[in-house]
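Okay, so here's the structure we're looking at.
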Amino acid sequence: MDIRHWLGRTYHTMGRIADAREQFRTALAVPGADTYPVERALVIKGLEDCH
């Protein structure tokens, strides 16, 4: 989940918004992602920043 978050942030910084969204969505789809509230919040924030 953490790797997907940082990859999403990197893509976002590079202007690759569609790729960033894909990484954030994939991170949220990881089984058990809801058991990591801090990381989940970072991923959700990253996804919101893509809009």
Side-chain angles (χ1 to χ4, degrees):
M1 187 170 180
D2 191 51
I3 292 170
R4 296 284 182 176
H5 166 255
W6 288 111
L7 186 54
R9 280 285 170 203
T10 300
Y11 282 152
H12 186 269
T13 300
M14 294 171 58
R16 295 174 56 180
I17 304 303
D19 292 328
R21 277 190 205 113
E22 180 180 345
Q23 294 303 316
F24 294 134
R25 288 181 181 138
T26 300
L28 291 174
V30 169
D34 57 340
T35 61
Y36 299 93
V38 173
E39 291 83 356
R40 187 173 186 278
L42 290 171
V43 171
I44 290 171
K45 172 73 169 106
L47 192 56
E48 289 170 352
D49 289 347
C50 287
H51 295 280

Self-check item: side-chain contact (heavy atoms from CB on, under 4.5 Å), paired with His5, selected from Leu42, Thr10, Leu28
Solution: Leu42
Practice problem: Enumerate the residue pairs fulfilling side chain to side chain donor-acceptor pair (under 3.5 Å) with a member in residues 33-42, sequence neighbours excluded, ordered by first and then second residue. | Solution: none
Self-check item: Arg16: salt bridge (Lys or Arg N to Asp or Glu O under 4.0 Å) partners, not counting sequence neighbours
Solution: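 Salt bridge (Lys or Arg N to Asp or Glu O under 4.0 Å) list for Arg16, sorted by chain: Asp19.
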Quiz item: Roughly how far, to the nearest 0.5 Å, is CZ of Phe24 from CE of Met1?
Solution: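 The CE atom of Met1 sits 11.0 Å away from the CZ atom of Phe24.
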Exercise. Taking all non-hydrogen atoms of both residues into account, name the closest pair between Cys50 and His12 and its distance.
Key: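 Heavy atoms of Cys50 and His12 come nearest at SG-CD2, 3.7 Å.
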Quiz prompt | Pairwise salt bridge (Lys or Arg N to Asp or Glu O under 4.0 Å) hits with a residue in residues 4-15, at least two apart | solution =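 Those involving residues 4-15 are Arg9-Asp49.
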Exercise. Just jot down the side chain to side chain contact (heavy atoms under 4.5 Å, CB included) partners of Leu7, sequence neighbours excluded, or say none.
Key: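 Checked Leu7 against side chain to side chain contact (heavy atoms under 4.5 Å, CB included); matches are Tyr11, Gln23.
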